[in-house]
Visitor: 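After the structure tokens below, expect a handful of questions from me.
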Amino acid sequence: MTTPTPSDHLPVLASASHVVKRFGGATAVDGVSLNIHSGEAVGLLGPNGAGKSTLIGLLCGLRRADAGEVRLFGRNPLDPSARLRLGSTPQATSVPQTLRVSETVDFVAAHYPDPIPTAELLSDFGLDGMAAKQCGGLSGGQQRRLLVALALVGRPELVILDEPTTGLDVEARDTLWRLLRTYRNAGGTLLITSHYLEEIQALAGRVVVMDKGSVIADGTVDEIRSHVTLTKVSFRTELPASSFGSLPHTVGVETHDDGRVTIVTADGDATVRALVLEDLAVRSLEVHAASLEEAFKALTGEHPVRTIGQEQS
Amino acid sequence: MTISAGPHSAAPSQATLIRAHTKAHILEQLRIPVAVISSTIFPALALLFFVIPQQATVQDPVASLTAVAQLALFGVMSAFLFNYGIGVAEDRANPWSSYLRTLPAGPLPSTIARALTAMLFAFLALIPVLVLGATLTTASDAFTTGMLPWWTVPLSVVVWLLCGLPFLALGLFIGYLCTSKVAIAVTQVVFFPLAFAGGMLLPPFLFPDWLNTLSLFLPSRAARDISVQVFTGGPVEVLSLLTITAWTVLLGALALWANRRDQGRRFR
């Protein structure tokens, strides 16, 4: 369900076409095609092991594709010159422990023709008091901020961030989001991976959902949201689970060991109305928003009870 | 926060990149002063405790020069082996070094920077050995009496650093093959027998015949013989040159293989 986006006419900064990447017997990326256009902010969303980081590694020149073609600014990303206008961060929080903050920024800045002056960059990121500190002495939030600052020091046209806010508190996360919005407003292109729909919503205009190495959805945030916003309606009942499979908007039905039945539905309100209208004997009714994980499972067909017949067998 | 002015701005030169990488390597080393100090003064301490008390050696200029050359090479070998073997193994486990691969620089600047850093710290280890040799032994007599020209000293420093090349390759080989904990153990296990059997702690004429024969096949013995021969003004034996060249080629090939294997495993 690839949706044409308004930016389709803009130059492609990074692209993957029919890219395959295997590790041993496992296929991490399985025929992915993706274009990142200039000025876009693309969120790459997916559960653990979906192939997001592998795809990022291919685009950043860390890995070589087994099949298909990866291009970065029209070149092979393994060619260092292709990476001149790219900024990225490591996935894990890893800073050179003994180098000072300013030395670390200077070192990375030396790789670019026209870097942002270190003092200016540190001040933008609220790290100006930290310049003389050793990186290992920074807090987790400061280290994350430093890593994102490093991604931006070379004035890149494309920034690729792999889970930039994992493990941050809300305040530190909001600071980083604000800085990344500033970068976007200046015309920068962003590719960001996350487990969190909220983060993608805050930063990205376009969402690419990956699962099991494939792109399973690609569209605007609203389009993706309509697919992944599911509701769980659960209750106790004596009726068999199959009684609920035919209700409108039902995506799946789960039975639990404690006798509860959960309907995963695309429209929680409609489901509750239907339960009442059809006078089905249910009690202890609870309505929850399905987690993103559950929504992904529904999207990817991995939901435990997609069809009633399978569930009952 | 701004975006690049144009797509055609020139990339920094390789020299700029090598300088930046070397500076980072050196700073990282200097921030752990204990490691720097211990590797720098270790050969000097060995000279002080094992050579200086022996009057027979200290009173003889050639024996003194031999002892200084042996321990100088000992310092170079330990700097190369430990800097590379353990440093590379530690870097491999560090996501930061993967991040560095996404920067617009090929593998060359960081490899050269690491070699330059190892040579710098090896050179630092040579200074106290030379100072002690000049002040506490009769080695300097060889120069004051005109037996050896002054430029023997700088020439020897260069030769000692070059003689360290097979150990640099050996360090790389270990570093790409082992995790950092294993690399520390393996480097130590490899280093001391190589240094001893190579005649860096005891001169080979004190060896029993079997050890001397074995020793002649080792890169450390060839490196030691060349270092001593250059420093004492004697002729360099062709066999030593052939042995060290063969070892450098072999260990260099193994290091390259281990590097490819590691890249293949982590960054296919």
Side-chain angles (χ1 to χ4, degrees), chain A residues 21-23 57 59-64 66 73 77 79-100 103-104 106-114 116 120-121 124-125 134 147 149-152 154-157 160 179 182-183 185-189, chain B residues 1-36 87 90-111 113 117 180 260 262-268:
Chain A
K21 180 73 207 170
R22 293 181 203 91
F23 294 109
L59 289 170
C60 291
L62 277 177
R63 299 178 188 286
R64 194 184 297 271
D66 293 327
F73 295 102
D79 171 2
S81 65
R83 306 193 294 261
L84 261 180
R85 288 179 279 151
L86 167 77
S88 74
T89 53
Q91 183 177 21
T93 305
S94 63
V95 290
Q97 297 290 315
T98 55
L99 283 189
R100 295 186 203 286
E103 289 163 355
T104 308
D106 288 343
F107 169 61
V108 175
H111 292 78
Y112 299 98
D114 178 32
I116 298 173
E120 184 187 325
L121 184 75
D124 281 348
F125 277 78
Q134 293 190 1
L147 292 176
L150 293 177
L152 294 173
R155 305 183 199 270
E157 280 178 68
I160 298 183
L179 292 162
T182 314
Y183 167 75
N185 292 339
T189 308
Chain B
M1 258 184 283
T2 51
I3 319 300
S4 177
H8 302 297
S9 8
S13 67
Q14 288 287 319
T16 309
L17 293 175
I18 292 170
R19 193 163 59 233
H21 280 259
T22 309
K23 188 183 164 197
H25 274 301
I26 291 174
L27 285 171
E28 280 189 87
Q29 296 258 312
L30 288 178
R31 291 287 150 72
I32 312 170
V34 181
V36 174
E90 278 172 354
D91 272 3
R92 283 197 307 126
N94 190 346
W96 176 254
S97 66
S98 298
Y99 162 70
L100 294 183
R101 287 169 38 102
T102 71
L103 295 178
L108 201 66
S110 79
T111 308
T117 310
S180 64
R260 290 267 163 81
D262 175 54
Q263 301 274 321
R265 287 198 162 182
R266 293 191 302 144
F267 302 113
R268 285 175 310 159

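Here is how names work: the chains are called A, B, and so on, in the same order as the sequence lines, proteins then strands, and each is numbered from 1.
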Visitor: I'd like to know if the side chain of Arg31(B) reaches the main chain of Gln134(A), judged simply by a donor and an acceptor atom lying under 3.5 Å from each other, with no hydrogens or angles considered.
Guide: no
Visitor: Under 4.5 Å heavy-atom distance to chain A, tell me which part of Leu30(B) shows up: side chain, backbone, both or neither.
Guide: neither
Visitor: Please report the interatomic distance OG(Ser88(A)) to OH(Tyr99(B)), rounded to the nearest 0.5 Å.
Guide: 5.5 Å
Visitor: Output the option from Pro96(A), Pro77(A), Ser81(A) having the highest count of non-hydrogen pairs under 4.5 Å with chain B.
Guide: Pro96(A)
Visitor: Give me the atom names and distance for the closest heavy-atom approach of Leu84(A) to Ala11(B).
Guide: CD1-CB, 3.5 Å
Visitor: Where on Phe73(A) is there a heavy atom nearer than 4.5 Å to chain B: the side chain, the backbone, both, or neither?
Guide: neither
Visitor: Using every non-hydrogen atom in the two residues, find where Trp96(B) and Leu147(A) come nearest and quote the distance to one decimal.
Guide: CZ3-CD2, 4.0 Å
Visitor: Below 3.5 Å, can you tabulate the donor-acceptor pairs from side chains in residues 12-28 of chain B to any protein atom, sequence neighbours excluded?
Guide:
{"from": "Ser13(B)", "atom 1": "OG", "to": "Thr16(B)", "atom 2": "N", "distance (Å)": "3.2"}
{"from": "Ser13(B)", "atom 1": "OG", "to": "Thr16(B)", "atom 2": "OG1", "distance (Å)": "2.9"}
{"from": "His21(B)", "atom 1": "NE2", "to": "His111(A)", "atom 2": "NE2", "distance (Å)": "2.9"}
{"from": "Thr22(B)", "atom 1": "OG1", "to": "Ile18(B)", "atom 2": "O", "distance (Å)": "2.6"}

